[in-house]
Amino acid sequence: MRFLSALTRVAALGAAAALAAASLTACGGDDSSKADNPYGLLQPGVLRTGTLTDAPPNIYLKDGKFTGFDNDLLTAAAAKVGLRVEFVGTDFSALLSQVNNRKFDVGSSSITITEARKKTVDFTNGYDFGYFGLDVPANSSITSFDQLAGKRVVVVQGTVQDDYATKQNLNPVRVPDYNGAINQLKAGTADAWIAPAEIGDKSAADSNGKIKVAAKQISPAPTAYAVAKGNDKLREALNKGLDEVIADGTWSRLQEQYYPGRPIPADFKPGSGTVAVPSPSAAS
C-alpha cells in the first residue's frame with residue numbers, strides 16, 4: 001500500500017510538472033508569435049491590402065496584376081521594412097470599414113485624409129497631392145465647377161469628391177466604382193462626373209472622344225494609406241518605408257512614370273516632410 005501511495009504521489013508530481021511546462025510553452029509561444037508578427041498583420045510578413053481595380057493611373061489591374069502609382073509605391077515602401085504586399089480588389093465605399101474591421105491590413109486607393117475619415121481609420125503620412133477633375137460628355141457646354149447646380153452630377157460613393165458635391169448641395173448620384181461613373185457619362189445619363197483629376201484625364205483619353213475634361217481644381221488635403229485605428233506600429237513602419245523610398249528616388253521616379261509633366265505644388269512635401277526629394281532626372 002505504501003508503495004502504491006508513493007507511486008500515486010510521483011504520478012501527481014509528474015502531471016503537475018507537465019502542466020507547468022505546457023503553460024510555460026504556451027506563454028513562450030505567445031511571445032514568439034508577437035516577435036514573428038510585430039505589426040499585427042493578418043499573415044506575418046504579408047501586408048494584405050484592399051485596393052481598386054478600375055482607377056488608372058493611381059490604382060488598377062493590368063494583365064492580372066495590381067499596379068498604379070499608389071500600389072507600386074506601397075510595394076516599394078513595404079519592402080523597405082521587410083513586408084510583401086498582397087493586393088485584393090474591393091469597392092471604395094467599403095474600403096475604410098474593411099480596414100478598420102481588419103479584413104485588410106492597409107487600404108491603398110488615393111485616399112484623401114479628412115477629419116471624418118479619421119474617425120474610422122488612422123492614416124500614414126501623406127504621399128501624394130491631387131486635383132479634382134470635372135469630366136463631362138463631349139458635347140457638353142459645362143466648363144467649370146460653378147456650373148453644376150441643377151445638373152445630374154455623378155460621384156463614386158464615399159470619396160472626397162462625394163463629400164465635395166454634398167457640401168455644395170449638388171445632390172449627387174452615387175455609384176460604387178469609377179466604371180459606373182464613366183458609363184453614366186457615355187450613356188448620357190449624367191451631366192458631369194467629379195473625379196480624381198488623374199483618373200478623369202485617363203478616362204477621357206480612353207473614351208474614344210465621348211468624354212472630355214472640363215476643369216480641374218486642387219484637392220483640399222493629401223492622400224495617404226489607411227490602417228486600422230490604434231495599429232501604431234504598422235503606421236510608423238509604413239511611414240519609415242515611405243521616407244526611405246522618397247529619399248532613394250523611387251517616389252520621384254514613379255511620379256514621372258505615372259504623371260509625366262504634372263507640376264508638383266511648391267508647398268507639398270511627401271512623407272514626413274523631413275526627407276530631401278530627388279528630382280526625377282536624379283532618380284532615374
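Annotation: side chain of Y178 is not in contact with side chain of Y60 (no heavy-atom distance under 4.5 Å). Looking at L61 and L52, their side chains never come closer than 4.5 Å, going by heavy atoms from C-beta outward. Under the 4.5 Å side-chain criterion, counting only non-hydrogen atoms from C-beta, D162 is in contact with P172. Taking the side chain as every heavy atom from C-beta outward, F104 and F87 never approach each other to under 4.5 Å.
Side-chain atoms of S252 and E256 include no donor-acceptor pair closer than 3.5 Å. Remark: the D70 side chain and the Y225 side chain contain no N/O donor-acceptor pair separated by less than 3.5 Å. Neither side chain, R174 nor T159, offers a donor N or O lying under 3.5 Å from an acceptor on the other. Side-chain polar atoms of T120 and N100 form no donor-acceptor pair below 3.5 angstrom. Between the side chains of T67 and D72, at least one donor N or O lies within less than 3.5 Å of an accepting N or O. Checking T49 against T51 by side-chain atom types alone, no donor-acceptor pair falls below 3.5 Å.
Nearest heavy-atom pair across A247 and P278 is O-CG, 3.6 Å. Across all their heavy atoms, A226 and L96 have their closest contact at CB-CD2, 4.0 Å. Heavy-atom minimum distance, P57 versus Y259: CG-CE2, 3.6 Å. Closest approach of S110 to N58, counting heavy atoms only: OG-ND2, 2.8 Å. Nearest heavy atom pair, residue L185 against residue D191, reads CD2-C, 4.2 Å. Here the shortest heavy-atom pairing between T124 and R235 reads CA-CG, 4.2 Å.
For D206 and K202, the salt-bridge test passes: some basic side-chain N is under 4.0 Å from an acidic carboxylate O. Using a cutoff of 4.0 Å between basic side-chain nitrogens and carboxylate oxygens, E236 and K233 are not scored as salt-bridged. Between E198 and R262 there is a salt bridge, with a side-chain nitrogen of the basic residue lying less than 4.0 Å from a carboxylate oxygen of the acidic one. Using a 4.0 Å cut-off between charged side-chain N and carboxylate O, K240 and E244 make a salt bridge.
Hydrophobic side-chain contacts under 4.5 Å tie L42 to no other Ile, Leu, Val, Met, Phe, Trp or Tyr residue. Cluster partners of L170, by chain and number: F132, L134, V136, I142, F145, L148, V153, V155, V160, Y164, I194. The rule joins Ile, Leu, Val, Met, Phe, Trp and Tyr whenever side-chain heavy atoms lie under 4.5 Å apart.
Residues satisfying the side-chain contact (heavy atoms from CB on, under 4.5 Å) criterion with L41, sequence neighbours excluded, are N37, Y39, L47, L83, D105, L234. Listed by chain and number, the residues in a salt bridge (charged side-chain N to carboxylate O under 4.0 Å, His left out) with D122 are K229 (sequence neighbours excluded). Looking at residues two or more places apart in sequence or on another chain, you find a salt bridge (charged side-chain N to carboxylate O under 4.0 Å, His left out) between E86 and R48. Remark: F92 pairs with no residue by the ring-ring contact (aromatic ring centres under 6.0 Å, His included) rule, at least two apart or across chains.
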*Derivation and outcome, side-chain contact (heavy atoms from CB on, under 4.5 Å), residues D135 and S203*: CA-CA 9 Å; D135 279 27; S203 300; 4.2 Å; yes
*I would like to know whether L73 and W251 meet side-chain contact (heavy atoms from CB on, under 4.5 Å); could you show each step before the answer?*
CA-CA 7 Å; L73 184 69; W251 185 88; 3.9 Å; yes
*Report the C-alpha distance between K80 and D243 in whole Å, list the side-chain angles of each, state the deciding distance to 0.1 Å, and finish with yes or no for salt bridge (Lys or Arg N to Asp or Glu O under 4.0 Å).*
CA-CA 10 Å; K80 294 289 188 181; D243 274 358; over 6 Å; no
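Note on V277 and F129: same hydrophobic cluster, where clusters join Ile, Leu, Val, Met, Phe, Trp and Tyr whose side-chain heavy atoms are under 4.5 Å apart, directly or indirectly.
Applying the side-chain contact (heavy atoms from CB on, under 4.5 Å) test between D54 and each of D91, I199, D177 identifies D177 as the sole match.
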